Amino acid sequence: MKNLPLEKQLAHRCFCDAIQNIEDINELKNQIGKLHLLYLQQQVVFAQIAKGCML
């Protein structure tokens with residue numbers, strides 16, 4: 001993980017912290033779904049930023 005940029009390391013740490021103590025499998029699924037949506041939203045923002053910089 002050390003080869004990842006700091007923001008990716010932080011994102012991974014936040015993910016691990018969010019799911020660490022979840023015992024209910026349905027809650028775990030819910031939290032993973034939320035985290036995945038956040039990831040996808042970030043990717044959209046990064047793509048929009050990249051397109052803006054390329055103009």
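Remember, predicted model here, so these are calculated numbers, not experimental data.
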Would you list the atom pairs, donor with acceptor, under 3.5 Å between side chains in residues 17-24 and any protein atom, with sequence neighbours excluded?
unit_1: D17; atom_1: OD1; unit_2: R13; atom_2: NE; d: 3.1
unit_1: D17; atom_1: OD1; unit_2: R13; atom_2: NH2; d: 2.9
unit_1: D24; atom_1: OD1; unit_2: N26; atom_2: N; d: 3.1

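For Q31, the side chain to side chain donor-acceptor pair (under 3.5 Å) test picks out E27, with sequence neighbours left out. A search for side-chain contact (heavy atoms from CB on, under 4.5 Å) contacts involving I25 returns L28, K29, not counting sequence neighbours. In terms of the side-chain contact (heavy atoms from CB on, under 4.5 Å) criterion, residue partners of Q43 (sequence neighbours excluded) are, by chain and number, K8, Y39, F46. Not a single side chain to side chain donor-acceptor pair (under 3.5 Å) links Q9 to another residue, sequence neighbours left out.
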